[in-house]
Participant: 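Would you mind keeping the following structure in view while I ask a few things?
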Amino acid sequence: MVARFLHGLDNIRMSDILPLIYHHRSGYPSINSANSDEQNLLFVTHGSPDEIRNARPYMSTWATRLVAVEVRRQVGRLTKDDPTDPTHHVHLRAATNERSKAHVVTWCDLGNWSLKKLESCYWRRGAGDLAMFITEAAAAPAFEGGVAVVRAQRPHPIIQSSAMASFIISRNRCANGDLAMILGIWHFACKSHVDVKRVYCHLGNYVAATTSRAALNSMTAGSMEELRADVGSALEGGEMPVCLILDNVQEYFEVNEQGIGRQNELKVGTAGTSIVLDECAPGAFDAKDHHDRVAKNERRLLTHDALFDDLDFPHLRRVIPLHWARVLVEFSPHFLPLLNSIAALFRSSPVARRRMREGRKMKGQPLGTNGERSTETQGMERAVKDFENQMGLNPELTKAFLFWIRGDGASYANILRLTKYCAPIGTFPNKVATPEIWHTGATDLNSFLQVYPISHRKGVSLESRLPMTLSTRTQDHRFTRTDLDAFAI
DNA sequence: AAACGTGCCAGGATCCTTGC
DNA sequence: GCAAGGATCCTGGCACGTTT
């Protein structure tokens, strides 16, 4: 009988009875009754609920305790890895030895991370959906029809996710994979002030600075090993797997420690990034094939007329108007909704000729910066040799392949010069250099921002235009059409 | 003259995992 | 549930220019 009722098989169910009890006026003390103080005991978080006599305060207090225990259990479960998602590691070790079984952080872990993913992970895992429900109730600015309203500015789901991530690392400091580790590394990259790191570590936002540094050290060591292994096996398979992007680095170091001959200095060096070559035709970097083609000297046939004949006018007539349409649509906010359909035209046939693979992601590995000056000829030679060595490009194994080097204008010119000088003696063989188009763009923007007045504000003298960061300028300045016209002049 | 600001890191304190 | 050992956290010292 009782079991039937409790299973909800009778006509009258718990959902009929509980609201009646909860809302019954006799279940709540009146202001004149002897236990009127129980009016204040609706959601009591301390003491034993058993001493509450009235039904309504007892029920709500009892439910409060029930929810608290469950939220605690669920957040506790979120401190463990999700068995259904092997790509997400809640525990990222910054360092380890043989004894530990835990996953050591990799660049891939950081690359796969996104706030959006994190949020859906918390809801999806179920282990945390009650906690998400509670934090949403706390964080959402409004509810419409039982659904939380997400504001465009400072959307609460992000705040919820970050709060949840803080709760999780608060429960277990090794459960840092949701947000803490990535923010720790971000603050290292931003060179945040040490005090900022200390304070926000206390707040449970990210791991301690020591841990970020340890993580970076082991990631770098681990990924370099991985790169060398990949490069080795690809070379044995007869393909050149990587290319190199160069840039020069300058950083001013102040010396605060005592020491003979130590002084502030500008450290100059060359930074390199190895990029995995993707979707190349087999043998694309075969040196012999390249030399054979060069020997044929077919370039002599590359005249203006030949180039003109090569132009695909029907295709240009399709593409150029589309570019114009995109510029126009982007110009006016009124037309912005059309942007997606223009993008779709670009992506589909016949305009699209050779699309990149869906979901393709560039794989890059920062190499150790060396102290060579990329503008010096010999410095560049030593720098490239160092990078090749770091990547595991053994000169014996690579002599059959072309090596593609990309960089800013200076690096590009320098590589060309080196190949010319070294051609007769063969010490710098098989290098192909191209300038980076994106690099040119970024540099242009940068120099524009450096020379352009901060504002038209009256009374702002040239001398008072303080150096500011690129992001500050682009955000603060809010270019108008007039600004751009002025720049064009 | 005193205190602050600045980044790094050794090494102790604390917390967590592992293995039983 | 315990002990051992490892990972992480945290503090203070350091040096010296700058600010109060």
Side-chain angles (χ1 to χ4, degrees), chain A residues 69 71-83 85-86 88-110 113 118 125 127-128 131 162-223 225 249-269 271 366 368-369 371 464 466-469 472:
Chain A
V69 170
V71 166
R72 179 171 173 73
R73 201 176 62 82
Q74 290 195 357
V75 175
R77 220 189 294 165
L78 286 177
T79 65
K80 307 267 191 299
D81 273 338
D82 179 3
D85 182 4
H88 181 72
H89 298 277
V90 178
H91 287 243
L92 296 176
R93 286 288 172 284
T96 192
N97 66 2
E98 288 74 22
R99 185 171 181 262
S100 171
K101 300 262 190 300
H103 174 79
V104 182
V105 61
T106 64
W107 291 108
C108 195
D109 294 322
L110 307 188
W113 183 92
L118 188 63
R125 277 191 69 179
S162 93
M164 288 287 289
S166 299
F167 296 154
I168 289 165
I169 199 170
S170 172
R171 292 284 292 277
N172 182 335
R173 72 182 184 192
C174 291
N176 52 17
D178 285 348
L179 187 59
M181 183 64 90
I182 200 144
L183 279 190
I185 288 177
W186 181 64
H187 276 269
F188 178 91
C190 294
K191 298 186 181 170
S192 292
H193 192 281
V194 282
D195 288 348
V196 171
K197 292 177 192 160
R198 287 176 184 190
V199 168
Y200 282 82
C201 180
H202 271 300
L203 299 184
N205 280 23
Y206 44 84
V207 294
T210 323
T211 310
S212 315
R213 304 176 73 88
L216 281 163
N217 280 337
S218 41
M219 276 194 295
T220 310
S223 60
E225 244 169 62
V249 189
Q250 282 130 31
E251 183 148 359
Y252 188 67
F253 282 89
E254 283 179 84
V255 175
N256 286 328
E257 288 167 35
Q258 201 174 26
I260 295 170
R262 304 192 68 184
Q263 55 183 342
N264 297 344
E265 59 182 309
L266 184 67
K267 292 274 185 196
V268 182
T369 300
S464 67
L466 300 169
M468 294 167 76
T469 65
T472 314

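Chain identifiers are assigned alphabetically (A, B, ...) following the order of the sequence lines, protein sequences preceding nucleic acid strands; residue numbering begins at 1 within each chain.
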Participant: Round to a whole Å and report the spacing from CZ of Phe188(A) to C1' of dG7(B).
Facilitator: 11 Å

Participant: Using a 4.0 Å heavy-atom cut-off across all strands, classify Asn172(A) as base, sugar-phosphate, or nothing.
Facilitator: sugar-phosphate

Participant: Do other residues, nucleotides or ligands put more than 12 heavy atoms under 6.0 Å from Arg72(A) CZ?
Facilitator: no

Participant: For His88(A) and Asp109(A), which I'm curious about, is there any donor-acceptor pair between the side chains at under 3.5 Å?
Facilitator: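 On atom types as modelled, these side chains do not qualify, holding no pair under 3.5 Å.
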
Participant: Taking the side chain as every heavy atom from C-beta outward, state whether Asp178(A) and Val90(A) have any atom pair closer than 4.5 Å.
Facilitator: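 In contact.
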
Participant: Let me know the distance between CZ of Arg171(A) and C1' of dT17(B), rounded to the nearest Å.
Facilitator: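 Spelled out: CZ on Arg171(A) to C1' on dT17(B) is 17 Å.
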
Participant: For dG5(B) and His193(A) - does any side-chain N or O of the residue sit under 4.0 Å from the phosphate oxygens OP1/OP2?
Facilitator: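 No, His193(A) has no side-chain N/O under 4.0 Å of OP1/OP2 on dG5(B).
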
Participant: Nearest-Å distance, NE2 (His89(A)) to P (dA7(C))?
Facilitator: 17 Å

Participant: Between the base of dC10(C) and the side chain of Thr210(A), is one N or O donor paired with an acceptor at under 3.5 angstrom?
Facilitator: yes

Participant: Taking the side chain of Arg93(A) as heavy atoms from C-beta outward, which of dT17(B), dC8(B), dC9(C) is closest to it?
Facilitator: dT17(B)

Participant: Let me know the distance between CG of Asp195(A) and P of dC8(B), rounded to the nearest Å.
Facilitator: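 In whole Å, dC8(B) P and Asp195(A) CG are 13 Å from each other.
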
Participant: Considering just the side-chain nitrogens and oxygens of Asn176(A), establish if one lies under 4.0 Å of OP1 or OP2 belonging to dA7(C).
Facilitator: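 False: Asn176(A) side-chain N/O out of range (4.0 Å or more) of dA7(C) OP1/OP2.
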
Participant: Tell me whether the OP1 or OP2 atom of dC9(C) has a side-chain N or O from His202(A) closer than 4.0 Å.
Facilitator: no

Participant: Is there a donor on the side chain of Arg173(A) or the base of dC9(C) sitting less than 3.5 Å from an acceptor on the other?
Facilitator: no

Participant: Could you check whether the side chain of Arg198(A) and the base of dT11(C) have a donor-acceptor pair of N or O atoms closer than 3.5 Å, going by distance alone?
Facilitator: no

Participant: Tell me which nucleotide among dG7(B), dT8(C), dC9(C) gets nearest to the side chain of Val194(A).
Facilitator: dG7(B)

Participant: Answer yes or no: is there a side-chain heavy-atom contact under 4.5 Å between Arg213(A) and Phe188(A)?
Facilitator: yes

Participant: Which whole-number value in Å describes the distance from Leu203(A) CG to dC10(C) P?
Facilitator: 11 Å

Participant: Would you indicate what Ala94(A) reaches in the nucleic acid, counting non-hydrogen atoms under 4.0 angstrom: base, sugar-phosphate, or nothing?
Facilitator: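 Sugar-phosphate, no base atom in range.
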
Participant: Is there side-chain contact between Leu92(A) and Val104(A), with heavy atoms separated by less than 4.5 Å?
Facilitator: no

Participant: When all nucleic acid strands are considered with a 4.0 Å heavy-atom cut-off, which category describes Leu92(A): base, sugar-phosphate, or nothing?
Facilitator: sugar-phosphate

Participant: Nearest to the side chain of Thr211(A), which nucleotide is it out of dT17(B), dT8(C), dG7(B)?
Facilitator: dT8(C)

Participant: Could you check how far CZ of Arg213(A) sits from P of dC9(C), rounded to whole Å?
Facilitator: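 Those two atoms, CZ and P, are 14 Å apart.
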
